[in-house]
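Everything on this sheet refers to the single structure shown next.
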Number of protein chains: 2
Amino acid sequence: MTQVRQTKRTTIYDLAELAGTSASAVSAVLNGNWKKRRISSQLAEKIMRIAEEQGYALNMQASLLRREKSHIIGMIVPKYDNRYFGSIVELFEDMARARGLFPIITCTRRDPELEVEAARTLLSYQVECLIATGATDPDRITEMCAAAGVRSLNLDLPGALAPSVISDNFAGSRELTRRILLNCERRLGRKESLLFIGGRGSDHNTSERIRGFREAHTELGVAVQEENILTCGYAPEKAEKALDDLALRGNAPAKGMFVNSTISLEGVMRWIRRSGHLDDRNLVLGCFDWDPFVTLLGNGIEMVRQDVPGMLKKVFEIIESGSNKPVVIQVPPLIPDAQNI
Amino acid sequence: MTQVRQTKRTTIYDLAELAGTSASAVSAVLNGNWKKRRISSQLAEKIMRIAEEQGYALNMQASLLRREKSHIIGMIVPKYDNRYFGSIVELFEDMARARGLFPIITCTRRDPELEVEAARTLLSYQVECLIATGATDPDRITEMCAAAGVRSLNLDLPGALAPSVISDNFAGSRELTRRILLNCERRLGRKESLLFIGGRGSDHNTSERIRGFREAHTELGVAVQEENILTCGYAPEKAEKALDDLALRGNAPAKGMFVNSTISLEGVMRWIRRSGHLDDRNLVLGCFDWDPFVTLLGNGIEMVRQDVPGMLKKVFEIIESGSNKPVVIQVPPLIPDAQNI
DNA sequence: AATTCTTGCTTCATCGATTGAGCAAGCGTG
DNA sequence: CACGCTTGCTCAATCGATGAAGCAAGAATT
């Protein structure tokens, strides 16, 4: 019961002894190329039976040390707290396994230090390829990988040194902004300058989304109010605080809002409920990201759903093509039909 | 640029040659116990400088093969599509790293085959301990681990052969049911038999929650209607379909519902909106699980939030204690204050 | 001056799986 | 019956890091 370490784990040498054969034969049988190595099916069956009986499990470390390819693919991901990253991780694992790769994923909480640390660790595990998802400094990671002779790709946020697969943030944002403005007109009687909230001004996605936001305003003949662009970060509390600050500065909060992530939307919704500044039936909201419950919130919130399967398909295409060219592939997000009012 | 495989990765032998010393010295310096091995700080600095310059990265496979302990801790998890499992994974990674362990997590989509496959793979990676989260057949996994001399623990769903850390489903459910019943009385004028929907009848958590559900009904003098217990699985579509079927059987859907997960709640909410059978202002809902947007749904949905930090704290306590006794630790879930009506 | 101690390294076996090379036995062919 | 060919295996080097054991040179002690 309290045995600290039971009898050492079974190795191919143990099996060889039990089967009265050599470790070499055991290895060949267990990794499936015993036909190539001309092992008789009699011996093969015997070895497999004994392995089964002994509950043999391969020592991957030993196996990988010897083999030239690890078949491990690594991914770093910022958070697990929303549907976007959750579905990326889930589908990535699936697609990796379908290709005979073993996925190792690690979460870095948007912390640049942890990102580098995690990348270094994954490299130690001999990943063949590293996907940096939503990394704060993707090029740093690409450089580390390059030094180790390992391929890397960026997902969600682009870098300058490796291929990147991202959403078409500009087009998605422009369309989302259009819809919010039109909803304003329909529900409030007139289009008015929207509030933009969430994200980091320094990140590519946010700045592209702001560009789309401006473009849609221009197209529809609405002037953007600069003080209404609040790139306060992603955390819910930051969005709440940004709205508080805006109110403190004496600005009437806009009735239409472009929220830059579901996580920021949490903060926005809390602020709306708490502050009582706005009756949320008069609010016109849109969110760049998707969550099933948001649909049900009943404010007719428009959402842009990033095309995760489409993006991962591209990622694996690039991996399989072997290309390292630092292109940026933009995948159009899905914009569901207009919500219930 | 297009070099398929750049010059082999740098090893300690390369560094030794560059530094004019032995691989052994390089190893000692780089893994930090060079003082113990009496390497001069001069040489140590030189080696570290060269390692830095060459972008050396340890080959973990080689290192692990030689060392006795892997410091790898594995976890299998069913899904990433809700806050509960998302926070388990995120916090688990954090706590593992804080203890000097390297976490490898893999998602099994509630597929028993994949669970076994994943466990086998993690064992190959020489995990020192494997946490089976919400596993459909935890004992099978414990047996596999035991055969390899590896510790295992169950999280979220209990097993009979290894220590298990789970929520106190019975007490949580009883309290949640009470609250829903009392909300019924307050809002509809009278307590009436609730609908129970979601989960698998065969899983321990669901049956314990049903027990608490019954108990609360009894305490409050309400009879449970057996046909109102719908353990239809977790997926949203299954909950939708179960409600459709119930309606087809001619039963008026209850006005009060106990929903067994946020994922089932998605289906329930969709059905409510779609079917129009019930005006959702007259609906009294409770959900065994937590999601920030559900709070904002505005139906005054009661939620039970499972105490993820509390559960993981227990998990690591058990790991550190070294105990293998198949106890079941029940962690009380958090029941937030009553929601806005 | 002879002995022991200390310092600062190097040598080498080892972890477990893989695989090219090699070998012995049996078979077929001329 | 001598030759090559096939079959069915074994041998031994190897992957890269680790650490016990050992060794040489200088310092300290008797």
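Every heavy atom of this structure was used, including side-chain atoms; hydrogens, water molecules and symmetry mates were not. Here is how names work: the chains are called A, B, and so on, in the same order as the sequence lines, proteins then strands, and each is numbered from 1.
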A:T136 side chain to A:E115 side chain, donor-acceptor N/O pair below 3.5 angstrom: yes
Modelled atom types, side-chain donor and acceptor of B:R37 and B:S24, under 3.5 Å: yes
Salt-bridge criterion met for B:R151 and B:E128 (N-O under 4.0 Å): no
SB check B:R99 B:E320 (cutoff 4.0 Å): yes
Taking [atom1] from [X] and [atom2] from [N], how many angstroms apart are they, rounded to a whole number?
X: B:Q61; N: D:dA17; atom1: CD; atom2: P; answer: 11 Å
X: A:Y13; N: D:dC11; atom1: OH; atom2: C1'; answer: 11 Å
X: B:M60; N: D:dA17; atom1: CE; atom2: C1'; answer: 11 Å
X: B:E17; N: D:dG16; atom1: CD; atom2: C1'; answer: 15 Å

Base D:dG8 to side chain A:R37, donor-acceptor N/O within 3.5 Å cut-off: no
Rounded to 10 degrees, the angle between the two terminal axes of the helix from C:dA1-D:dT30 to C:dG30-D:dC1, each from five pairs: 60°
Range on DNA chain C touched by chain A - first to last nucleotide, heavy-atom distance under 4.0 Å: C:dG16 to C:dA21
Taking any heavy-atom pair under 4.0 Å as a contact, classify [X]: base, sugar-phosphate, or nothing.
X: B:S24; answer: base
X: B:L43; answer: sugar-phosphate
X: A:S63; answer: sugar-phosphate
X: B:S40; answer: sugar-phosphate

Presence of B:S27 side-chain N/O under 4.0 Å of D:dG19 phosphate oxygens OP1/OP2: no
N or O in side chain of B:N31 less than 4.0 angstrom from D:dA17 OP1/OP2: no
Whether A:S41 side chain and A:A44 backbone form a donor-acceptor pair below 3.5 Å: no
Expected output: side-chain A:N205 to main-chain A:D156 donor-acceptor under 3.5 Å: yes
Heavy atoms from other residues, nucleotides or ligands near CZ of B:R140 exceed 12 (cutoff 6.0 Å): no
Test of ring centre spacing under 6.0 Å for A:Y80 and A:F85: no
Test: A:R110 cationic atom under 6.0 Å from A:Y234 six-membered ring centre, within 45° of axis: yes
Comparing B:R67 and B:G20 on DNA chain C - which has the more 5′ nearest nucleotide: B:G20
